[in-house]
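Below is one structure; the comments refer to it alone.
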Amino acid sequence: MAKDKSLKSQPKLPKRKKLDPDDSKVPAEEIMHTKIKKRKKMEVEVRRMAPVEVPVAINTAEDKKQKKDKKHKKKQETEQAEIPDPPSRLDGPHVMEGEEDLSPEERRVLERKMKKILKKEEKKRLKAEGVTLKKTEASGPSASQQALDYLTCWAENHSAWKFQKTRQTWLLQHVFDSEKIPDEKFSVLLQYLEGLQGGAKDTTVQKALSLVEESGQEPENIDVQKRAHRAREVIQLLS
């Protein structure tokens, strides 16, 4: 009995954990490597499970102002590209607002359009004022002067004279008009008509007869009577 009491009074030692029979066979380095690998796998899973934060775009007052300024600037550039009101004159180069940003080719196109608009407006203005645009006559003597010179050359310098049907036609068309052919030239023209032949002669006589008949219907018309007087002389000459 004494022996049993002495055994019970001794402190109990901690129980030793039973070792797995296989643990003694696995090296300590391999066990540590396995634990590290499991820990890393768990960390990856935790990151994957964590919610993703989506950045939210915040439009501040400054951003709104920049967008508004950009839109306003674009609108101004569009308006400047349009054709402006034409200037009142074209006597020199004009640089208008916004034109300094145009390329040389665009500026030339714009100037051509402006010239067309100005020309059109000028025509409208002249038409409204009752002013007719006169074409510039070619330099040199008129057709009437050339015909009279042709007749003078026939009379005064016949050796240098050369027949020209155009000049003769003009003289026959205006033979009865005292304004186109003065009286001093008409006497020379009668001499020229003495040699008239063919269809030109017949046409001239028929026209003279019509004028004489017309003078009988308008005895008080001075111009008609003047033409009829010449017509009688032509009929007497060519009949």
Side-chain angles (χ1 to χ4, degrees), residues 62-153 162-186 189 199-200 203-204 206-207 210-211 214 217-218 220-228 230-231:
E62 185 67 22
D63 294 336
K64 291 181 180 180
K65 185 179 179 180
Q66 290 179 357
K67 288 182 179 180
K68 188 176 180 180
D69 292 342
K70 187 176 181 181
K71 186 176 181 181
H72 183 66
K73 185 177 180 181
K74 186 176 181 180
K75 185 178 179 181
Q76 285 182 340
E77 291 176 354
T78 304
E79 291 176 352
Q80 289 174 356
E82 296 178 355
I83 301 174
D85 295 334
S88 57
R89 300 184 304 167
L90 283 176
D91 53 356
H94 296 270
V95 179
M96 293 164 289
E97 183 180 357
E99 189 175 346
E100 60 274 5
D101 297 332
L102 298 177
S103 64
E105 180 63 25
E106 291 173 339
R107 189 177 291 108
R108 285 194 293 270
V109 173
L110 183 60
E111 288 177 356
R112 286 196 293 268
K113 290 182 179 179
M114 287 167 55
K115 288 181 181 179
K116 288 182 181 179
I117 293 173
L118 285 177
K119 189 175 181 180
K120 189 175 181 180
E121 292 297 329
E122 183 69 11
K123 286 184 179 180
K124 287 182 180 180
R125 185 182 66 80
L126 293 174
K127 187 176 181 180
E129 294 177 357
V131 179
T132 56
L133 297 175
K134 295 181 179 180
K135 295 182 179 180
T136 305
E137 296 182 357
S139 59
S142 61
S144 61
Q145 186 62 44
Q146 290 179 1
L148 294 176
D149 292 342
Y150 167 82
L151 184 62
T152 302
C153 183
K162 185 178 180 180
F163 173 75
Q164 297 182 30
K165 186 175 182 180
T166 303
R167 308 298 174 226
Q168 176 176 293
T169 301
W170 189 94
L171 292 170
L172 294 178
Q173 288 177 346
H174 301 90
V175 61
F176 308 108
D177 190 344
S178 59
E179 293 183 358
K180 299 288 186 180
I181 302 177
D183 292 338
E184 61 271 14
K185 294 293 182 181
F186 179 69
L189 180 57
T203 302
T204 303
Q206 289 296 328
K207 188 175 181 180
S210 299
L211 290 174
E214 182 182 357
Q217 298 174 359
E218 300 182 27
E220 298 180 356
N221 193 321
I222 298 176
D223 293 334
V224 173
Q225 295 303 320
K226 285 182 178 181
R227 288 195 294 268
R230 287 193 174 189

Quick check: do [X] and [Y] have side-chain heavy atoms less than 4.5 Å from each other?
| X | Y | answer |
| --- | --- | --- |
| Leu172 | Gln168 | yes |
| Val175 | Phe186 | yes |
| Lys115 | Lys119 | no |
| Arg108 | Arg112 | yes |
| Asn221 | Gln225 | no |

Once side chain to side chain contact (heavy atoms under 4.5 Å, CB included) is applied, do any residues pair with [X], and if so which ones, sequence neighbours excluded?
| X | answer |
| --- | --- |
| Lys162 | none |
| Thr169 | Lys165, Gln173 |
| Lys226 | Ser178, Ile222 |
| Lys180 | Trp170, His174, Asp177 |

Hey, what do you get for CG (Leu118) to NZ (Lys123), rounding to the nearest 0.5 Å?
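Between Leu118 CG and Lys123 NZ, I get 13.0 Å after rounding to 0.5 Å.
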To the nearest 0.5 Å, what is the distance between OG1 (Thr204) and CZ (Phe176)?
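The distance works out to 6.5 Å.
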Suppose we screen for salt bridge (Lys or Arg N to Asp or Glu O under 4.0 Å). Which residues come up paired with Glu179, at least two apart in sequence or across chains?
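Applying salt bridge (Lys or Arg N to Asp or Glu O under 4.0 Å) to Glu179 gives none.
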Which residues share a salt bridge (Lys or Arg N to Asp or Glu O under 4.0 Å) with Asp183, sequence neighbours left out
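Only Arg230 meet the salt bridge (Lys or Arg N to Asp or Glu O under 4.0 Å) criterion with Asp183.
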What pair of heavy atoms forms the shortest contact from Tyr150 to Gln164, and how long is it?
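Shortest heavy-atom separation between Tyr150 and Gln164 comes out as OH-N, 3.4 Å.
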Could you tell me which non-hydrogen atom of Leu211 sits nearest to which non-hydrogen atom of Ala228, and how far apart they are?
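Residues Leu211 and Ala228, closest heavy atoms: O-CB, 3.9 Å.
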Test of understanding: with side-chain hydrogen bond (donor to acceptor under 3.5 Å, both in side chains), list the residues that count as partners of [X], not counting sequence neighbours.
| X | value |
| --- | --- |
| Glu214 | none |
| Gln145 | Asp149 |
| Gln206 | none |
| Glu122 | Arg125 |

Should Arg227 and Val224 be marked as a side-chain contact (heavy atoms from CB on, under 4.5 Å) after you check the CA-CA gap, both sets of side-chain angles, and the distance that decides it?
CA-CA 5 Å; Arg227 288 195 294 268; Val224 173; 3.5 Å; yes
